[in-house]
Student: 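Supplied in structure tokens, the structure appears directly below.
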Amino acid sequence: MDSGRWLAALVDSSDDAIVGKSLDGVVTSWNAGATRVFGYTPNEAIGQSINFLSLPGDEAKMESLLETVRQGGRVDHFEASRRHKSGKEVAISLSLTPIFGNNGKIIGIAKIARDITERKALEESRGAEERRLRALSEKETTERAAASAERRFWDLIDSAPDAILQIGPSGEILVCNRAAKEMFGRTDKELEAIEIEAVVPEANRARHTDVRHRERAGKDPGTKPAIDLYGLHKDGTQFPVSVSFSRQGDGNGPNVTAVIRDITERKASEQRVRRLQESYMAELEARRKDAESSNTLKDEFISRASHELRTPLHTIIGFSDLLAEEVNGLLNPKQKKFLEHIQHDAEHLLGLIDDILDLNRGSAGALSLYTASLSLLDAVTEAVDSIRLHAKSRSVSLRKGDHLDVRVTADPMRLRQILYNLLNNAVKFTGAGSEVLVDATLEGDMVKITVSDTGIGIAPEECALIFQTFYQAGVKAAEPREGTGLGLAICRQLVEMQGGTIWVDSELYKGSQFHFTLPLSV
Ligand code: ADP
């Protein structure tokens, strides 16, 4: 067999469409495969422009492929669609190869078109199947996610320590969690078969229903505080609960969710705290009474003791005065010295007892005042005169200021006592040759009376302390000191009882100004 006929037989027996074309696209050969793929006989096809197979809009693409081949290139397995004679679309895989003439020039184009319609259809249906499977699995995943979200939600509700119940419009229990079942001792079936009021003791039902209805009707908008009620266990036991209601759904048939907490423990501890408080208060009251009665005892003791001490003291003072007068015989110098000691210390003791009595009366509220409108100048003059001798003995001069001519409301005896105390201190704590001045200034409806000295002064940190009982500035416990440390405490008590205040301005080694106020009298 010569090679030409062998080739022709080979071409004809091919399943693929093998088509020869001139360079400008006119069909020059058409094998049996082409007839099968495209439906046209060789007679119908040969001599036609190859475009008769193209689908509308494909020409431009075809032209560019032909141009590739005209340039000597090849096109392999280009997938395209062509029109079958019957009008159906045929999917083909296209290979184009240039045909060279003897002179080596391209004289035509060989086109092999394989019908891939079935393969395409197969691919298509496989794709559709894959898509369907994918969609199925996506649906399953979404459903599974939704189911797991719901499960998680229920796990959450079930693990809540509080009982949670959803209640329908007429009180029926729609949903309950694990805590609810445990709290009321019922299964979910049992709970779902009863109305909510069945788990509330009879006495509480009306209130419960009322609150639930109000919540359902949305009458109390906003957050509501939980209310304390009682719960009823299946076995009949009652227990305190705190219930908070919230409303869901629209106006037609809103449901109410009740979150219920067993507050037995809380109530019990509240009770314990209350009982503790009560017993604490009772104890406090008992102690207060104790303190009161022991205070009264102390006051009584001090006043009795003071009186008992004063009687023999007066005897000592009286007889030592008599001895000092030497009516019953002269005393030798040594005896006189001893007598002076006895007199001095007896007077001191008497002063101390009087001070203690005063303080005690003051703190017990037993010190009576007889206030009147009186001349400040008169009171100061009296006090200054009574201390003048003592001041002179210490070479301290006393001076009355120019502003004392005012009237004050005070108890004359107590005012003299205050002035005497302050003047006495001023003289006591001032060196020889210095001056003590008493003056006054008006301050609104009060008169400020000031006793100034140029003595040793008081350290700033001690200025407030010296008004306390028994406080003596700059004195160490072991050091003996003239005085009792009671004078200023008594002064403060007396000034305050008359509606005034007392304080000191002082500078160490420069001197002090003791001020106190009394109401101005008009
Ligand atoms: P005492 O009997 O000791 O004088 P007071 O209560 O009268 O008691 O005074 C308390 C203390 O205040 C005194 O011991 C003294 O340290 C101090 N004090 C009082 N007045 C003066 C003053 N004018 N100058 C310096 N210190 C004073």
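Hydrogens, waters and symmetry mates play no part in the numbers below; they use all other heavy atoms, side chains included. First listed ligand is number 1; within each ligand, the first listed atom is number 1.
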Student: Taking everything shown except Arg288 itself, do over 12 heavy atoms lie less than 6.0 Å from its CZ?
Tutor: yes
Student: Can you name the atoms of ligand 1, numbered from 1 with element, that are less than 4.0 Å from a heavy atom of Phe514?
Tutor: 19 (C), 20 (N), 21 (C), 22 (C), 23 (N)
Student: Could you give all pairs that pass the salt bridge (Lys or Arg N to Asp or Glu O under 4.0 Å) test and reach residues 142-153, with sequence neighbours left out?
Tutor: Lys139-Glu143, Glu140-Arg144
Student: Check each atom of ligand 1 against the heavy atoms of Gly485 and keep those under 4.0 Å away; list them by number with element.
Tutor: 1 (P), 2 (O), 3 (O), 6 (O), 8 (O)
Student: Using heavy atoms and a threshold below 4.0 Å, how should the contact between Glu462 and ligand 1 be classified: side chain, backbone, both, or neither?
Tutor: neither
Student: Using a strict 4.0 Å cut-off to heavy atoms of Tyr471, name the atoms of ligand 1 that fall inside it.
Tutor: 10 (C), 11 (C)
Student: Would you say Ala489 and ligand 1 have an N/O pair spaced under 3.5 Å apart?
Tutor: no
Student: Show me the side-chain donor-acceptor pairs of residues 448-459 shorter than 3.5 Å, one per line, residues at least two apart or across chains.
Tutor:
unit_1	atom_1	unit_2	atom_2	d
Thr450	OG1	His515	ND1	2.8
Asp453	OD1	Gly455	N	2.8
Asp453	OD1	Ser512	N	3.2

Student: Which ligand 1 atoms does Lys428 reach within 4.0 Å, using its non-hydrogen atoms?
Tutor: 1 (P), 2 (O), 4 (O)
Student: Near Leu488, which atoms of ligand 1 are under 4.0 Å from a heavy atom of that residue?
Tutor: 5 (P), 6 (O), 7 (O), 9 (O), 10 (C), 12 (O), 19 (C)
Student: May I ask you to identify, for Ile458, whether its side chain, its backbone, both or neither come under 4.0 Å of ligand 1 on a heavy-atom basis?
Tutor: side chain
Student: Give me the atom names and distance for the closest heavy-atom approach of Gln498 to Ile418.
Tutor: NE2-CD1, 3.8 Å
Student: Which atom names give the shortest non-hydrogen contact between Leu330 and Gln335, and what distance separates them?
Tutor: O-OE1, 4.4 Å
Student: Does Ser170 offer a backbone N or O that forms a donor-acceptor pair with the side chain of Glu172 under 3.5 Å?
Tutor: yes
Student: So, are Arg205 and Glu197 salt-bridged, with charged N and O less than 4.0 Å apart?
Tutor: no
Student: Hey, is Ser512 one of the residues with a heavy atom under 4.0 angstrom from ligand 1?
Tutor: yes
Student: Looking at Glu278 and Arg275, does any basic side-chain N land under 4.0 Å from a carboxylate oxygen?
Tutor: no
Student: Check each heavy atom of Phe467 against ligand 1 and say whether those closer than 4.0 Å belong to the side chain, the backbone, both or neither.
Tutor: neither
Student: So, is Gln472 polar-close to ligand 1, with some N/O to N/O distance under 3.5 Å?
Tutor: yes
Student: Under 4.0 Å from ligand 1, counting heavy atoms only, is it the side chain of Asp453, its backbone, both or neither?
Tutor: side chain
